[in-house]
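Let me begin by presenting the structure, written as structure tokens, before commenting on it.
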Amino acid sequence: MIWLPVMGLVLGFLIYFAPVQLPSGLASYLSLATLAGLDSICGGIRAGIEGKFHDDIFLTGFVVNTCLAALLAYLGDLIGVDLLLAAVVALGGRVFLNLSLIRRYWLTQTALSKKRDL
Amino acid sequence: MSTIAPPVRGKSWLWQVTALSIVLGALLALSLKTQRQAVEKGEPNRRDVLSATYLGIKRENNDLKKQLTESKLKVEKLVRQQARGIHGKDYLRMLDESKMLAGTAAVHGSGIIVTLHDSPKKPAEIKQDAVSDYIVHDRDIRDIVNELFASGAEAISINDQRMIATSSIRCVGPVVLVNSTQTAPPFVIRAIGKPDVLENALKLPMGVADGLFLLDMIEITKEPDIRIPAYSGVMKFSSAKPSEANPE
């Protein structure tokens, strides 16, 4: 079951081969938006494992975070401050936190199920 | 760990996460694509294109210059073939004289070669105006050319740039523009005329080259035969037209 999001990721990635061209000036905003999206997905998986998953929070979180991150970077470009870095640090930290929690839950779960089997 | 999540009731969250994963994947792909595109179309690429264009234009320029020289030679040959009879010879002589005067014909004859270079001496004090006295300026060249013409020089070139009626000598940063072509020291000025007269004109006490002699910046050699090239640029008259009331 854990493979479903990964499959989705691969499926979405297929757009790489579509003849879509975006102006290269958008590159940094796009990468930040991607990071925000990754953060939301990790947060969603964690919430799902913890049983606290709320679909409205997840959906709005994904959309708003993604747009906000890109907007923040744009604003930073406008006023000459690298707000991009602030967003990268904050989002990166959250991604790592969520990933470590997911890993911990998964490990304890597998350990428990092994114990049950014995 | 005591807070293990209870078994999730229903897997609906997984499907939602999957759906947004697709979007994330698309975002990732677009980001990657755009990033790669930005790298490919970035600075080095533009520099390559520019340098290639520059080299191409330079080569084209050189080819055109060669072509121009060939065409000029062809025209010269044709004119000489056509000039027959007494009138023809007369016109040919007039044409040659005009060309020499205009600087569009290479000439040779006795004259002097003046070499100007920056002073080998060191200024006593490093001050802006003191240092400035020890290097050759456009005004030094201009004064010398003027003096040479005044003493009867018939043709002058500076670093193989022929002085013509519309020639200019001016300073642009570290180099000097002669006929809008950049030249740098040493400046070799060739002048055709009477060698002794030309030399003495430059060596006049309180003359134009006094300061240059003082700082070892000028050398003059008399030559029995020197060659001065023709003006190699383009002559374009957009405002001036030949007058109708020409006395000749």
Side-chain angles (χ1 to χ4, degrees), chain A residues 1-18 20-56 58-59 61-63 66 70 104-109 111-112, chain B residues 1-64 128 172-175 182:
Chain A
M1 282 308 241
I2 197 72
W3 296 113
L4 269 174
V6 178
M7 293 253 296
L9 209 64
V10 173
L11 197 69
F13 199 83
L14 288 180
I15 205 175
Y16 185 84
F17 304 101
V20 189
Q21 289 279 357
L22 287 176
S24 47
L26 288 179
S28 56
Y29 308 141
L30 265 178
S31 34
L32 196 63
T34 310
L35 192 62
L38 194 66
D39 169 58
S40 286
I41 296 285
C42 288
I45 293 176
R46 175 193 157 194
I49 292 178
E50 286 179 345
K52 302 191 272 191
F53 186 83
H54 290 276
D55 49 358
D56 45 356
F58 178 62
L59 196 70
F62 184 89
V63 175
T66 306
R104 197 173 282 197
Y105 290 138
W106 182 63
L107 280 178
T108 41
Q109 227 166 13
L112 270 187
Chain B
M1 265 293 189
S2 57
T3 55
I4 305 167
V8 184
R9 288 176 292 281
K11 290 278 182 185
S12 77
W13 68 271
L14 202 57
W15 287 109
Q16 289 184 37
V17 168
T18 305
L20 283 199
S21 280
I22 297 177
V23 179
L24 178 66
L27 215 54
L28 192 68
L30 280 180
S31 164
L32 208 68
K33 203 171 178 179
T34 319
Q35 195 74 43
R36 183 167 296 175
Q37 188 185 325
V39 168
E40 274 172 10
K41 282 188 182 168
E43 287 287 295
N45 206 356
R46 196 178 306 156
R47 198 188 307 146
D48 285 351
V49 169
L50 281 180
S51 76
T53 314
Y54 173 71
L55 286 179
I57 290 177
K58 211 173 170 186
R59 204 173 304 131
E60 201 178 324
N61 232 345
N62 274 339
D63 287 350
L64 285 175
Q128 187 63 44
V172 180
V175 296
Q182 292 185 350

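Per chain, numbering begins at 1; letters A, B, ... match sequence-line order.
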message: Using 0.5 Å steps for rounding, measure from the CG atom of A:Leu9 to the CE atom of A:Met7.
response: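 A:Leu9 atom CG to A:Met7 atom CE measures 11.5 Å (nearest 0.5 Å).
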message: Is the shortest side-chain heavy-atom distance between B:Arg36 and A:Tyr16 below 4.5 Å?
response: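 The answer is yes; the side chains approach within 4.5 Å.
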task: Not counting sequence neighbours, which residues clear side-chain contact (heavy atoms from CB on, under 4.5 Å) with B:Ser51? List them please.
output: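 With neighbours one apart ignored, the set is empty.
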query: Between A:Thr66, A:Asp55, A:Leu11, which has the largest tally of heavy atom pairs under 4.5 Å with chain B?
result: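 Most pairs with chain B among the choices: A:Asp55.
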message: Please list all pairs meeting salt bridge (charged side-chain N to carboxylate O under 4.0 Å, His left out) that have one or both residues in residues 35-46 of chain A, counting only residues at least two apart or in different chains.
response: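 Every salt bridge (charged side-chain N to carboxylate O under 4.0 Å, His left out) pair that includes a residue of residues 35-46 of chain A, provided the two are not neighbours, is A:Asp39-A:Arg94, A:Arg46-A:Glu50.
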Residue pairs, two or more places apart or on separate chains, that pass salt bridge (charged side-chain N to carboxylate O under 4.0 Å, His left out) and touch residues 12-24 of chain B: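 Listed by first then second residue: nothing to list.
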field: Residues in residues 19-32 of chain B near chain A [non-hydrogen atoms, under 4.5 Å]
entry: B:Leu20, B:Ser21, B:Ile22, B:Val23, B:Leu24, B:Gly25, B:Ala26, B:Leu27, B:Leu28, B:Ala29, B:Leu30, B:Ser31, B:Leu32
field: Working for side chain to side chain contact (heavy atoms under 4.5 Å, CB included), residues A:Ile49 and A:Trp106
entry: CA-CA 9 Å; A:Ile49 292 178; A:Trp106 182 63; 5.8 Å; no
